[in-house]
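To start, the structure itself, in structure tokens.
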Amino acid sequence: MASGSTSSVLHCGRCSHKYICFLKSVAVMEFKVGKAVLQLTCGDITEIEADAIVNAANSSLMGGGGVDGAIHRAGGPKILEECKRIRETEWPDGLPTGKAVITSGRNLKAKHVIHAVGPVWHGGFQGEAELLKQVYRNSLKLAVARGLKVVAFPSISTGAYGYPIEAASIIAINTTKAFLENEDSLERVIHVLFSERDFRIYVGTASSIF
Ligand code: AR6
């Protein structure tokens with residue numbers, strides 16, 4: 001088994017396919033962008049060690065299902081308390097789609113959680129692509145403003161919000177790549193995919209972009 005910085009080809013713990021792997025039992029693909037790395041990983045984002053993981057939240061910031069529920073469960077109730085304070089002080093009417101805010105990571109391995117609201121898919125004619133781009137860009141901007149170096153995203157909007165993952169993966173990767181090309185303080189952006197199918201779609205998209 002490989003560990004630390006030793007690279008080898010392994011089976012992912014969740015996937016049946018082999019990829020270059022830098023971590024124990026986790027599928028990883030990496031692409032260099034300037035001095036930074038854009039990484040694709042298959043796994044559970046609540047297990048990721050990063051300066052921040054991004055939560056696919058809803059406007060209420062009061063938690064929900066999917067990755068939102070998983071992050072609040074793993075991070076503990078203090079994250080919700082911080083979200084309530086943000087609602088009271090900054091966003092009394094809810095966090096608009098495309099925007100992002102930050103809390104601490106509490107019991108998570110990640111130091112912070114960036115809560116961002118992705119668009120609900122309505123067929124693609126209601127500005128969904130631009131809003132999804134803003135989610136990624138605003139989350140990365142917030143990370144830079146806080147001096148963070150390593151940020152991990154789930155595939156925002158592609159679960160309960162119904163955004164087709166093929167189209168969403170193009171926006172996720174292109175927006176990350178463009179951001180890293182113009183901003184050299186981030187070291188690593190990780191896209192964490194929760195299923196073999198999603199991971200393979202992101203790998204296909206990244207391979208056609210890089
Ligand atoms: N780690 C990584 N990815 C995950 C995890 C996990 N632990 N759990 C789910 N995913 P979703 P959305 C993937 O529905 O579409 C919530 O109720 C999942 O497979 O979590 O933006 C919020 O409160 C999918 O690929 O987020 C909102 O109301 C991706 O995360 C609403 O859902 C996003 O799925 C947001 O919907």
Side-chain angles (χ1 to χ4, degrees), residues 12-15 23 25-28 39-50 52-77 79-80 82-84 86-87 91 94-101 103 105-110 113-124 126-139 150-173 175-176 189-206:
C12 168
R14 303 176 57 87
C15 303
L23 300 166
S25 300
V26 179
V28 176
Q39 176 181 328
L40 307 180
T41 296
C42 189
D44 179 348
I45 202 166
T46 65
E47 297 288 326
I48 296 282
E49 283 180 45
I53 59 172
V54 179
N55 180 17
N58 59 60
S59 290
S60 79
L61 297 179
M62 293 298 108
V67 71
D68 195 3
I71 287 172
H72 279 282
R73 272 194 304 280
I79 295 181
L80 188 60
E82 288 187 52
C83 286
K84 283 182 180 160
I86 289 170
R87 280 293 311 276
W91 296 103
L95 184 67
T97 304
K99 301 272 190 220
V101 295
T103 66
R106 300 291 176 166
N107 302 335
L108 291 163
K109 290 178 186 168
V113 179
I114 292 173
H115 304 262
V117 183
V120 177
W121 180 255
H122 291 292
Q126 295 190 27
E128 293 96 326
E130 180 52 34
L131 287 166
L132 190 60
K133 199 188 285 183
Q134 281 177 27
V135 171
Y136 284 98
R137 209 188 289 128
N138 286 331
S139 300
V150 180
V151 180
F153 285 93
S155 183
I156 292 173
S157 283
T158 64
Y161 281 180
Y163 207 118
I165 190 162
E166 290 82 0
S169 69
I170 296 169
I171 292 171
I173 292 169
T175 307
T176 303
V189 177
I190 310 169
H191 292 275
V192 182
L193 291 317
F194 201 44
S195 69
E196 173 186 353
R197 178 182 170 269
D198 291 356
F199 181 67
R200 290 171 71 182
I201 290 168
Y202 268 65
V203 166
T205 298

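Numbering of ligands and ligand atoms starts at 1, following listing order. As the structure is a computational prediction, the values presented were derived from the model and not from experiment.
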Between ligand 1 and the protein, tabulate every N or O atom pair separated by less than 3.5 Å, reporting distance only.
residue	atom	partner	partner atom	Å
ligand 1	1 (N)	I45	N	2.9
ligand 1	7 (N)	D44	OD1	2.8
ligand 1	14 (O)	A160	N	2.8
ligand 1	15 (O)	S157	O	3.4
ligand 1	15 (O)	T158	N	3.4
ligand 1	15 (O)	G159	N	2.8
ligand 1	15 (O)	A160	N	3.1
ligand 1	15 (O)	Y161	N	3.1
ligand 1	17 (O)	G65	N	2.8
ligand 1	20 (O)	V67	N	2.8
ligand 1	21 (O)	S157	N	2.8
ligand 1	23 (O)	N58	ND2	2.8
ligand 1	23 (O)	D68	OD2	2.7
ligand 1	25 (O)	T158	OG1	3.2
ligand 1	28 (O)	N58	ND2	3.2
ligand 1	28 (O)	Y161	OH	3.4
ligand 1	34 (O)	G159	N	3.4

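- Side chain of N55 to main chain of I71: no donor-acceptor pair is present (N/O by atom type, distance under 3.5 Å, no hydrogens or angles).
- Using a cutoff of 4.0 Å between basic side-chain nitrogens and carboxylate oxygens, E166 and R200 are not scored as salt-bridged.
- You'll find the side chain of I79 reaches within 4.5 Å of the side chain of V113, heavy atoms only.
- Checked by atom type, the side-chain pair T176/Y136 shows no donor-acceptor distance below 3.5 Å.
- With hydrogens and angles left out, the side-chain atoms of T103 and H115 include a donor and acceptor closer than 3.5 Å.
- E128 places a side-chain N or O within 3.5 Å of a backbone atom of Q126 that can act as its donor or acceptor partner.
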